Amino acid sequence: MADPIYNIWIRSYDSNPADPKLKREALVTVYSKLEFKIVYNNVGGWTLTMPGDISEANLLKSLLIGTPGEPSNTAKGYGGIVVTRNGDIVFSGPVRGFTETGDYTGPTGKEIEFWGIDDTGYLASRIPMAPAPAQNGNPPAGTGADAGQFVAPYFNNWSYWVYGGPVTTSSSVMVNLIRTNIGDVSPFNLGEQTANRRIPFLDVAYTEPLVPFGPTNFISRSRYAGTLLEKVQEAAVYITPGYAGIYPGAYRGAAFRIVQTENDRLSCNIWDPRGPNHNKGAVFSAGFGNLGSYKYSHQAPDTNYCIAGGQADDNPNARNGTTRWFFHRGSESIGYPSVERYGLWEGYIDRRDVQYQPPPGGFVTTRGEESPVYIEMTNEIVNAMDVELREKGEQVHIEITAINVPPTVWPADYNVGDIVTVVIDNYQYQDIVRDVTVTLTKEEGEVVRPTIGTEATGMSVRLFEKFNQIDSSINALNSSE
């Protein structure tokens, strides 16, 4: 099988107001190592090492910090790299930093290592907000300077926003979250903040309509408490059917990723990893000749029973924290009972950003009598507990070095978010591809290392923690989430 052909492009940003777009500026022809990592429903990263005195290095550096003596950099954080494999784009992302070294006494000269994130990381650059409604403007009737903009609330009842509600699928909520905060319907030209919130060349779509969150036909998301990435991650994790622990449900999950397209736009794709297009039956085993090495790890749960505390909204005492509402939920609610095997491990999450409003007559269990607002808020806090239980539950990871032979060639036959099977010592383990790390060097060519493991883990990793991992060393980039 012929070796794949890789091209590394340096991308810049054309800020023409009439047609802002990305553009591939220069092809990198000399480098010693490229490594990039694609992570399921999270921020990936890359490092690129090259001589520090070539034009491509100077260009990439200028896209981050500008060029001395020239007009200020206007790349707006979009400058970075685009990687193609046999002509198809497999990775893209902005540059976020570099380390330059020089040795004037030795033969090595100047060398520079750039590092960055993938384009999914833009979701971590925004705080999810909602437009200030005109009827609640301050001054009234939306006459204030902030009318229609994305701002913090003046009044307590602004603190909750149902994205696109009512909506029927998790994918719809994810689309609405992204479009209203960073995409084509986010506020624009309403001041410095809102003018820069929108990525003008971002397209958002989902390829398969995903099943409803539960029997309530909508999902709510409060605006604050986390980044846009975290809110999209929450919406991507859902149980169906399931409602406040009343109905035991099977786990489902949506996958999402932002990557540059052939027409030099960004595309946020949302799909069902259990759909037929992403479950192609790839199997890795030593007997098949496609499993070079493996590292297997198994960890007992940190939490298998979750208690979540929200904030009351109907009692003056709620303002000083003396009145709160609490929910309880065990791992059996998400289809992974583990208490009998590992014992009880309780955990607590503080969600005072979710404010409760009991229906008239108090909390009742008959569905027709429940307040719609209460159902929205209950869904959000129950969903947060599901995320916590999956994130801190039993973890299984298998990192392998794959041998690219048919029918398991990356990325045609499997990729991040696909379901695959690994056979080790006659035991079969099937789960989702959590991440794929690709390393390119002159000595070894292409090395592909996928990690197969428990879904929805590592979602609490913050963007700057990811930055630190990438910046510290390439080995940290390879470490499991």
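Scope of the values below: all heavy atoms of this structure, side chains included, with no hydrogens, waters or symmetry mates. These figures come from a predicted structure and were not determined experimentally.
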Where is the tightest heavy-atom contact between W271 and R257, given as atom of each residue plus distance?
CZ3-N, 4.0 Å
Please name all residues satisfying side chain to side chain contact (heavy atoms under 4.5 Å, CB included) with Y342, sequence neighbours left out, ordered by chain then number.
H298, A300, P301, S338, E394
Would you say N415 and W410 are linked by a side-chain donor-acceptor pair, where the criterion is simply a distance under 3.5 Å?
yes
With sequence neighbours left out, the residues meeting salt bridge (charged side-chain N to carboxylate O under 4.0 Å, His left out) with R126 are none
Sorted by chain and residue number, the salt bridge (charged side-chain N to carboxylate O under 4.0 Å, His left out) partners of E346 (sequence neighbours excluded) come out as none
Any side-chain heavy atom of Y31 within less than 4.5 Å of one from L440?
yes
Start with the C-alpha gap between F284 and Y414, add the side-chain angles, then the distance that decides, and say whether ring-ring contact (aromatic ring centres under 6.0 Å, His included) holds.
CA-CA 11 Å; F284 296 92; Y414 71 94; 5.1 Å; yes
Residue set satisfying side-chain hydrogen bond (donor to acceptor under 3.5 Å, both in side chains) with D184, at least two apart, ordered chain then number -> R179
Looking at every non-hydrogen atom in both residues, tell me the closest pair between A282 and T408 and how far apart they are.
CB-CG2, 4.0 Å
Just so I know, are the side chains of Y40 and D435 near enough to count as touching, which here means a heavy-atom distance under 4.5 Å?
no
Which distance, rounded to the nearest 0.5 Å, do you find between the CG of L34 and the CZ of F91?
8.5 Å
Any side-chain heavy atom of V447 sitting closer than 4.5 Å to one from V438?
no
Check side chain to side chain contact (heavy atoms under 4.5 Å, CB included) between P51 and all other residues, then give those that pass, not counting sequence neighbours.
V30, D53, I54
Crowding at CZ, F288 (>12 non-hydrogen neighbours, <6.0 Å)
no
List for me each residue that meets salt bridge (charged side-chain N to carboxylate O under 4.0 Å, His left out) alongside R24, sequence neighbours excluded, and say none if there are none.
E262, D264
Side-chain contact, heavy-atom cut-off 4.5 Å: L228 with I127?
no
side-chain contact (heavy atoms from CB on, under 4.5 Å) evaluation trace for E399 with R449:
CA-CA 7 Å; E399 181 180 342; R449 295 188 300 278; 4.1 Å; yes
Do K61 and E100 meet the salt-bridge criterion of a basic N to acidic O distance under 4.0 Å?
yes
Taking only residues two or more places apart in sequence or in another chain, which ones pass side chain to side chain contact (heavy atoms under 4.5 Å, CB included) with D119?
R11, S92, P94, Y122, I258, Q260, L266
Between T47 and E35, is any side-chain donor less than 3.5 angstrom from a side-chain acceptor?
no
Who are the side-chain hydrogen bond (donor to acceptor under 3.5 Å, both in side chains) partners of T261, not counting sequence neighbours?
N263
Output all residues satisfying side-chain hydrogen bond (donor to acceptor under 3.5 Å, both in side chains) with N426, sequence neighbours left out; order by chain, then residue number.
none
Any residue meeting salt bridge (charged side-chain N to carboxylate O under 4.0 Å, His left out) with D88, in chain and number order, not counting sequence neighbours
none
ring-ring contact (aromatic ring centres under 6.0 Å, His included) with F201: which residues, sequence neighbours excluded?
Y13, Y78
S293: which residues meet the side chain to side chain contact (heavy atoms under 4.5 Å, CB included) condition with it, sequence neighbours left out?
T401
NE2 on H328 to OH on Y348, rounded to 0.5 Å:
10.0 Å
Please step through side-chain contact (heavy atoms from CB on, under 4.5 Å) for the pair I419 and Q430, ending with a clear verdict.
CA-CA 7 Å; I419 305 294; Q430 185 178 76; 3.6 Å; yes
How close do I178 and C268 get, counting heavy atoms only, and between which atoms?
CD1-SG, 3.5 Å
